[in-house]
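What follows is a short report on a single structure.
Heavy atoms only: backbone and side chains are in, while hydrogens, waters and symmetry mates are out. Source: prediction; values computed, not measured.
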Amino acid sequence: MLPSVLRCACPISATLAFTRPLAHFRPHMAPDPNRPVEGAIRTKLTQQLEPEHLEVHNESHMHAVPPGSESHFRVLVVSPRFDGLSLLQRHRLVNETLAEELKSCVHALAIQAKTPLQWGSNPSIAKSPPCMGGSKGDHTVEEKLKAGRD
């Protein structure tokens with residue numbers, strides 16, 4: 001699993017966080033080698049959806065997983081490719097783009113998929129609620145975490 005993630009974590013040429021700065025957002029010129037899943041998510045969304053704005057937040061630290069995990073993410077994707085598509089169709093595009101990660105190491109993915117016009121009128125990102133321990137009943141979480149480490 002990890003070799004395929006690392007293969008996807010090639011450097012991207014420019015940062016996409018140019019629309020608005022966030023105190024907790026670190027623009028990346030290249031994916032952090034210590035965060036291969038985050039890098040793969042960023043690279044795949046950039047290549048497939050050509051976003052005008054992209055934010056990838058690893059929210060694993062907010063959940064009952066080991067430190068350094070890459071299992072829970074929130075993405076904000078602003079792309080002209082979403083013009084004319086329903087919210088469901090936009091989410092499907094993101095899910096299809098990240099199908100490999102969702103099958104293997106990503107347990108949860110929160111998606112905000114906006115058109116440039118929507119982003120221009122409301123440039124905000126939703127916040128995730130605190131963890132309620134839902135992964136305790138999901139026995140695939142341990143397998144996905146292990147797959148992400150392999």
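Of all the heavy atoms in Val77 and Phe82, the pair that sits closest is O-CE1, 3.4 Å. Taking both residues in full, the closest heavy atoms of Leu45 and Pro51 are given as O-CD, 3.6 Å, listed atom of the first, atom of the second, then distance.
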Output side-chain donor-acceptor pairs under 3.5 Å for residues 91-99, partner residues at least two apart or in another chain, one line each.
unit_1: Asn95; atom_1: ND2; unit_2: His91; atom_2: O; d: 3.1
unit_1: Thr97; atom_1: OG1; unit_2: Leu93; atom_2: O; d: 2.7

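In this structure, CZ on Phe73 lies 11.5 Å from NE2 on His57, to the nearest 0.5 angstrom. Considering CG of Leu54 and CG of Leu49, their distance stands at 9.0 Å, rounded to 0.5 Å. We find the CG-CD1 distance between Leu102 and Ile41 to be 7.5 Å, quoted to the nearest 0.5 Å. Distance CZ/Arg42 to CD/Gln47: 13.0 Å, rounded to 0.5 Å. From Gln112, atom CD reaches atom CZ of Arg74 across 6.0 Å, with rounding to the nearest 0.5 Å.
Counting only heavy atoms from C-beta outward, the side chains of Trp119 and Glu52 never approach each other to under 4.5 Å. Annotation: side chain of Glu101 is not in contact with side chain of Leu109 (no heavy-atom distance under 4.5 Å).
Take Ser86 and apply the side chain to side chain donor-acceptor pair (under 3.5 Å) test, not counting sequence neighbours, and it matches Gln89.
Applying the side chain to side chain donor-acceptor pair (under 3.5 Å) rule to pairs touching residues 76-85 yields nothing, sequence neighbours excluded.
The backbone N or O of Lys114 lies less than 3.5 Å from no partner atom in the side chain of Arg90, so there is not a single donor-acceptor pair.
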